[in-house]
Number of protein chains: 2
Amino acid sequence: MARKTHTTPEAAQNAILDAAEKIVVEVGPAGLRLSAVARSAGMAHPNIIHHFGSREGLLAALADRVGARATERITNAITAALDAKEDDRVAAMTHIFDSAYQGDEGKVAVWMHLSGAESSLKENMARIVEASHRLRQSIDGEVKLSNTNRLVMLVTLALVGEVVSGGAIKEALGFGREEAKRAHFRQWLAELLLNLSDEELDTSLDLDTLNSL
Amino acid sequence: MARKTHTTPEAAQNAILDAAEKIVVEVGPAGLRLSAVARSAGMAHPNIIHHFGSREGLLAALADRVGARATERITNAITAALDAKEDDRVAAMTHIFDSAYQGDEGKVAVWMHLSGAESSLKENMARIVEASHRLRQSIDGEVKLSNTNRLVMLVTLALVGEVVSGGAIKEALGFGREEAKRAHFRQWLAELLLNLSDEELDTSLDLDTLNSL
DNA sequence: GCTGTAGTTTACAGAATTGTAAACAGTAAA
DNA sequence: TTTACTGTTTACAATTCTGTAAACTACAGC
């Protein structure tokens with residue numbers, strides 16, 4: 001292999017992470033091979049170990065980067081929705097859902113999580129809930145935080161499901177694999193959730209009591 | 001290894017599949033090792049290859065069995081809900097959601113699917129939609145099939161998400177990992193969906209037109 | 001320029017995994 | 001009882017993968 005000029009550690013690590021991310025999208029973290037990453041990044045595989053200590057170290061670093069990026073994209077979309085006019089709310093909400101996918105990072109995030117890398121999931125979700133609650137309050141006035149939690153949960157789980165299903169479930173249900181139809185479901189969900197009042201979200205269950213157990 | 005008395009092929013295959021299922025719950029299909037399956041099933045690993053042809057063959061057989069069992073449990077729960085009195089509908093609906101989990105088969109099904117085994121997903125989903133539509137019609141009278149599709153999709157994706165997240169997302173959102181609190185979310189979702197009329201499920205989007213593209 | 005630090009590569013070790021081949025041993029049927 | 005079939009095991013081959021060791025080299029600072 002042609003000897004490469006030295007770069008900064010950051011540049012090398014980013015190149016490795018980029019290559020690893022591409023591979024994880026295709027085969028999942030369990031299928032990630034250092035040799036494949038090295039080939040894609042144009043270097044010899046021991047160099048990866050030099051930079052990340054081990055295969056595990058690489059996966060942990062990837063989980064961190066992917067989680068942070070996805071969280072930032074999502075919270076940005078939520079913040080942007082704060083400024084949307086009433087007519088554009090469905091589009092803004094849809095954009096929030098869409099933002100969970102861009103660049104396959106959502107898929108990688110789920111993959112990583114499924115393989116045990118929780119990294120800073122708790123902090124990331126807290127940021128998303130906070131932003132979502134501000135958005136709900138800007139639309140409906142005073143609303144319950146417990147209902148925001150429920151909605152974020154529902155949407156998060158559904159988005160995770162969509163990422164995982166990779167379109168197969170939608171196809172099986174007649175929604176089609178094409179991105180247009182898949183996006184359609186997200187838009188429908190956005191409109192449905194926007195039409196739900198805070199009162200409708202309160203069921204007979206008392207979540208706050210349960211949480212204080 | 002102590003030589004074993006001969007059994008029927010079915011018994012041996014079931015023992016292997018049982019062992020494989022346990023392992024996949026823990027480490028996913030990618031982490032399944034023939035030696036581990038063999039140890040758990042109490043036999044030598046070449047015997048697995050004798051029965052299933054290859055590691056891939058074993059995974060395909062497991063995907064089939066798990067998908068069939070999960071579909072049967074879910075459709076049974078839906079059918080049972082048809083007979084529920086009005087007061088018991090939330091409980092019946094919750095039971096439908098719960099039934100996707102029993103015996104870890106839901107988790108295994110998602111794992112398998114994520115690893116590319118689609119087996120007979122389409123047929124299974126068709127059965128679930130059919131049963132769900134009957135249930136909706138018995139409750140609300142004439143309802144649109146397209147809305148049943150949407151609801152089944154939403155619930156399926158959310159359940160897939162819950163299976164995948166393994167409680168971590170819920171914990172991050174303050175719902176807790178304990179089964180009681182996790183079940184609570186499913187009950188909330190059941191009540192929410194039961195309160196939605198068919199009209200509320202129709203948004204400005206015309207799905208039927210889109211599907212005829 | 002020289003020197004030290006660190007990014008990079010080659011070569012290799014050690015372990016683990018899937019799959020094969022052949023022998024072995026129950027079981028059922030002739 | 002003998003024979004044939006097949007479930008089962010042992011031993012092994014071939015590959016693949018992670019991680020180590022040591023050498024090589026680019027670049028920065030003295």
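Heavy-atom basis, side chains included; hydrogens, waters and symmetry copies ignored. Here is the naming used below: chain letters follow the sequence lines, and residue numbers restart at 1 for every chain.
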Interatomic distance, [X] [atom1] vs [N] [atom2] [rounded to whole Å]:
X        : N       : atom1 : atom2 : value
His50(B) : dT10(D) : NE2   : P     : 16 Å
Ile49(A) : dT18(D) : CD1   : C1'   : 6 Å
Leu32(B) : dA16(C) : CG    : P     : 17 Å
Arg39(B) : dT18(C) : CZ    : P     : 11 Å
Leu34(B) : dT20(C) : CG    : P     : 12 Å
Ile48(A) : dC17(D) : CD1   : P     : 13 Å
Asn47(A) : dC24(D) : CG    : P     : 18 Å
Met43(A) : dT8(C)  : CE    : P     : 6 Å

Relative to the 5' end of DNA chain D, which residue comes earlier, Pro9(B) or Pro46(B), by the nucleotide with the nearest heavy atom?
->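 Result of the comparison: Pro9(B).
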
For the [atom1] atom of [X] and the [atom2] atom of [Y], what is their distance to the nearest 0.5 Å?
X         : Y         : atom1 : atom2 : answer
Leu151(A) : Arg136(A) : CG    : CZ    : 5.0 Å
Thr156(A) : Glu162(B) : OG1   : CD    : 12.5 Å
Asp104(B) : Trp111(B) : CG    : CH2   : 12.5 Å

Measure from the side-chain heavy atoms of His51(A) and tell me the nearest of dT10(D), dG7(D), dG7(C).
-> dG7(C)

Distance-only donor-acceptor check, side chains Arg150(A) and Asn147(A), under 3.5 Å = yes

Do other residues, nucleotides or ligands put more than 12 heavy atoms under 6.0 Å from Glu72(B) CD?
-> no

Go through the structure and list residues passing side-chain hydrogen bond (donor to acceptor under 3.5 Å, both in side chains) with Thr71(A), not counting sequence neighbours.
->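 Thr71(A) satisfies side-chain hydrogen bond (donor to acceptor under 3.5 Å, both in side chains) with Asn124(A) only.
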
Can you check whether Thr7(B) has a side-chain N or O nearer than 4.0 Å to OP1 or OP2 of dG26(C)?
->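 Thr7(B) to dG26(C) OP1/OP2: no side-chain N or O under 4.0 Å.
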
Under 4.0 Å between a side-chain N/O of Arg33(B) and OP1 or OP2 of dA16(C), yes or no?
->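 For Arg33(B), the contact criterion (side-chain N or O under 4.0 Å from OP1 or OP2 of dA16(C)) is not met.
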
Audit row: Arg65(B), Asp18(B), salt bridge (Lys or Arg N to Asp or Glu O under 4.0 Å) steps and yes/no = CA-CA 10 Å; Arg65(B) 194 180 82 161; Asp18(B) 289 343; 2.9 Å; yes

For DNA chain C, the residues among residues 54-65 of chain B that have a non-hydrogen atom under 4.0 Å from it | Ser54(B), Arg55(B)

Whichever of His45(A) and Gly53(B) has the more 5' nearest nucleotide on DNA chain C, that residue is His45(A)

